[in-house]
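Hydrogens, waters and symmetry mates play no part in the numbers below; they use all other heavy atoms, side chains included. Every value quoted in this text rests on a predicted model; they were computed, and no experiment measured them. Throughout, a chain's letter reflects where its sequence line sits, starting with A, and its residues are numbered from 1.
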Number of protein chains: 2
Amino acid sequence: MATTIRDVARAAGVSASTVSRALSNPEMVSDSTRELVQRTAQRLGYRPNPAARRLITGRTQNIGIVLPDLGNPVFPSIVKGIQSRARENGYCVLLSDSDEDPSGEPALVRTLASQVDGVVLCSPRMSTEDLRSMAGLLPLVVVQRTVDHIPAVVFDNADGIQQAVSHLHALGHRRIAWGGGPERSYSQERRTRALREATAQLGMELLEVGHFAPRFSSGLMVADLVLSGEATGVIAYNDLMALGVLHRLHARGVAVPGEISVIGHDDIPFAGMVHPALTTVALSTERAGRAAVDLLVSLLESPDQTPGLHRTLPCELQIRASTGLCRCGPGPLHETGAPHETTGAIRRTTGAIRRTTEAIHRTTDADPAPA
Amino acid sequence: MATTIRDVARAAGVSASTVSRALSNPEMVSDSTRELVQRTAQRLGYRPNPAARRLITGRTQNIGIVLPDLGNPVFPSIVKGIQSRARENGYCVLLSDSDEDPSGEPALVRTLASQVDGVVLCSPRMSTEDLRSMAGLLPLVVVQRTVDHIPAVVFDNADGIQQAVSHLHALGHRRIAWGGGPERSYSQERRTRALREATAQLGMELLEVGHFAPRFSSGLMVADLVLSGEATGVIAYNDLMALGVLHRLHARGVAVPGEISVIGHDDIPFAGMVHPALTTVALSTERAGRAAVDLLVSLLESPDQTPGLHRTLPCELQIRASTGLCRCGPGPLHETGAPHETTGAIRRTTGAIRRTTEAIHRTTDADPAPA
DNA sequence: AACAACTCTGCAAACGTTTGGCCTGGACGC
DNA sequence: GCGTCCAGGCCAAACGTTTGCAGAGTTGTT
């Protein structure tokens, strides 16, 4: 049997309550007893039983993480951030991976609820009502999503898109494609909106290519769609998709950035490891994890003061080798109204695989995005 | 306040102990009371307080994971396996990332110890004595490592190496390099030994290139060393390094597999996403995670029967595009004793960056590996 | 010198479960 | 009809802490 607080008390010749105080509220006992108790506890190798402590205090000193897929490299990075900050604050983390099943996530949160003080929820697709009911259950911080009064850490999606678009614009691109993510995802929605605004403002054409699972394989499809849509640049929902795009373009013999420029989102570690290295909207994911913990801990430990509920982190376009000058020369297309000059590279794609027609939507100035 | 077992008892008109039994040992109460209690509990939304339960039973229904770096893509995959199997068995997982600091890991295990029933330890570099003392602390399963009586899940490293080497041999390679991992790592030691044996047996020359952190950046260095060593094939400690090798070779204009073949270890998701797709010794990491949990759970729930302590999982060489025919023609070199014909590609590397001379060891038939 | 104020420590209750032992009532065998 | 046995349920103790309250001792004030 492990040594208990009573063993320490007996050995030190004091009462259990004194031991408890000496260890957790040192300022409540005299210097001499504190010293004595601490030495004795040390000597006996006493470790407080967390179950007993949390039974009486109701505090677990644990925080939970719920996320859709640890296989997506953004999440390990967020988790690392959460982990390290949590440890700094004396918390352990419980991890729960929903395997991309948003409908199962409430159950995961409920399971966690009884053994954590709060959870960091990365759930781009959980319904808002579920989210609210989860927030009613226990302290919650969501990542990359905002729902009225629930604390959140988000990235400045619009600014990231803005940077990406103006980068492409500066390189002469006038017709770009958007390889969209999951339909109901928060970032998807934000980015799409920002994209419509940014392209409209710069007089660029935007080709919206479907909704896809945020995976490598989706990128393969996106690449073909982009080629058939004759865009000269493509922005992908995330890096996995962008890598898929690069892969497929390479396989089809399309030069990047020579013929098509590619931009991703997230800046996962691999983005810089491929050829050509991927230009991407970098999200400081580890920092986001830490920020989420900071928010959660301040919520838990000083519930009276309400700090800013939402924390917005900046995005930074990481320019690497997958973006370059547009071959087609500058100038917005809609000025002439004619289909723009297709290079050999792009002509080559005519008749390429077409997925479903409804996966392609064109947005132009004439069809402005809703505010 | 949450509803307690007593609330349920009162509402159902039975005692608390009956409620407890009806819920956790249903066969101990009559059908009618069980029905009644379960309905009442359901109706009141009763959720047992795990702290109270674990205080009395000593069981937490949690398992811990300690690993060196969630940023290395093998680990998320192992964690997913652990997670899903743990959930199937009614356990939650606590995650602890040591940030590649083996000396900090015992402390992490100790912290976890008080709130888990056992831990899965992925610690390639913790000292054996630390490992033993951890095993004395609580039930433990180690992954990819064997220490006498500690349960473990390992891969058949030797067989993986064997497959990789004979693959290269079949393609005509006679002089291959080994981009080694961390010096004290278990797999490093096993693989190196297997490599020496396999090459010796096939009459191939082995160029052992240093000890490196298992990272992409290490691969960059390895590539240069390999070129200067005039090998035609390289096996890397893991895929991250192998990707680094590919990257650097590409940057230096060396064709893969035209001039050099590259093999990695792990089969991380990205291995198949790069150009050329990486041939690699695939480890079924998710399966390893599940196996570790199976081992741990059987240890926890039936401590009397001792199942096989070590579980060995097979490796499978995943042949992709990064390996190909050797340009230098077949035939072992030691038959002639002459340095083999260097192609233009390899000559190009003469005088290339040399790191430290002691980072290069040559092993030939004349210098057989210790058993 | 008496009293007040304060510091330090001990006592005991409480947290919400599980579980061994005991009690009750009914079924069954003789 | 009486004794035995057993299923089903209740009581109470226990798990290891924390914490409100009260008491003891010490110091300071009038």
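Listed pair B/Thr4 / C/dC15 fails the phosphate criterion, with no side-chain N or O lying under 4.0 Å from OP1 or OP2. Contact annotation: B/Thr18 side-chain N/O to D/dG9 OP1/OP2 distance is not under 4.0 Å. In terms of phosphate contacts, B/Thr33 brings a side-chain nitrogen or oxygen within less than 4.0 Å of OP1 or OP2 of D/dG9.
Salt-bridge formation is detected for the pair B/Asp69/A/Lys80: a Lys NZ or Arg NE/NH1/NH2 atom is positioned less than 4.0 Å from an Asp or Glu carboxylate oxygen. By the 4.0 Å N-to-carboxylate-O rule, B/Arg132 lies too far from B/Glu129 to be salt-bridged with it. For the pair B/Glu189 and B/Arg184, the salt-bridge criterion is not met [side-chain N within less than 4.0 Å of a carboxylate O]. Using a 4.0 Å cut-off between a side-chain N of Lys or Arg and a carboxylate O of Asp or Glu, B/Arg34 and B/Glu27 do not qualify as a salt bridge.
Helix bend of the helix from C/dA1-D/dT30 to C/dC30-D/dG1: the angle between its two end axes, each built from five pairs, comes to 50° after rounding to 10°.
Nearest-nucleotide assignment on DNA chain D puts the 5′-proximal partner with B/Ala52, out of A/Ser24 and B/Ala52.
Spacing between atom CG of A/Asn49 and atom P of C/dG16 amounts to 17 Å, rounded to whole angstrom units. One can place CD of A/Gln115 at 15 Å from C1' of C/dG16, the figure rounded to the nearest angstrom. Nucleotide C/dC8 holds its C1' atom 14 Å from the CG atom of A/Asn25, rounded to whole Å. Protein atom CZ of B/Arg54 is 18 Å distant from nucleotide atom C1' of D/dA14, rounded to whole Å. Remark: C1' of D/dT19 and CD of A/Glu27 are 14 Å apart, rounded to the nearest angstrom. Summarising the geometry, the separation between CZ on B/Arg53 and P on D/dC15 is reported as 19 Å, rounded to the nearest angstrom. Distance A/Met28 CE to D/dT19 P: 9 Å, rounded to the nearest Å. Between the P atom of D/dG16 and the CD1 atom of A/Ile56 lies a distance of 15 Å, rounded to the nearest Å.
Residues A/Val120 and A/Leu295 are not in side-chain contact: their nearest non-hydrogen atoms beyond the backbone lie 4.5 Å or more apart. Side-chain contact between A/Val79 and A/Ile65 is present, with at least one heavy-atom pair separated by less than 4.5 Å.
Among the heavy atoms of the strands, none lies under 4.0 Å from A/Pro50. If you check every strand for non-hydrogen atoms under 4.0 Å, B/Ser17 touches a base. Residue contacts shown for B/Ser20 include a base, since a base heavy atom lies under 4.0 Å away. Nucleic acid contact for B/Arg6: base, since at least one base atom lies under 4.0 Å from a heavy atom of the residue.
For residues 41-58 of chain B, every residue pair satisfying the side-chain hydrogen bond (donor to acceptor under 3.5 Å, both in side chains) rule, not counting sequence neighbours, is listed here: A/Gln115-B/Arg54.
We find the OG-CD distance between B/Ser123 and B/Glu105 to be 3.5 Å, quoted to the nearest 0.5 Å.
For C/dG10, the base has a donor-acceptor partner in the side chain of A/Arg21 [N/O atoms by modelled type, under 3.5 angstrom].
Closest to the side chain of B/Leu55, out of C/dG16, C/dT17, C/dC11, is C/dG16.
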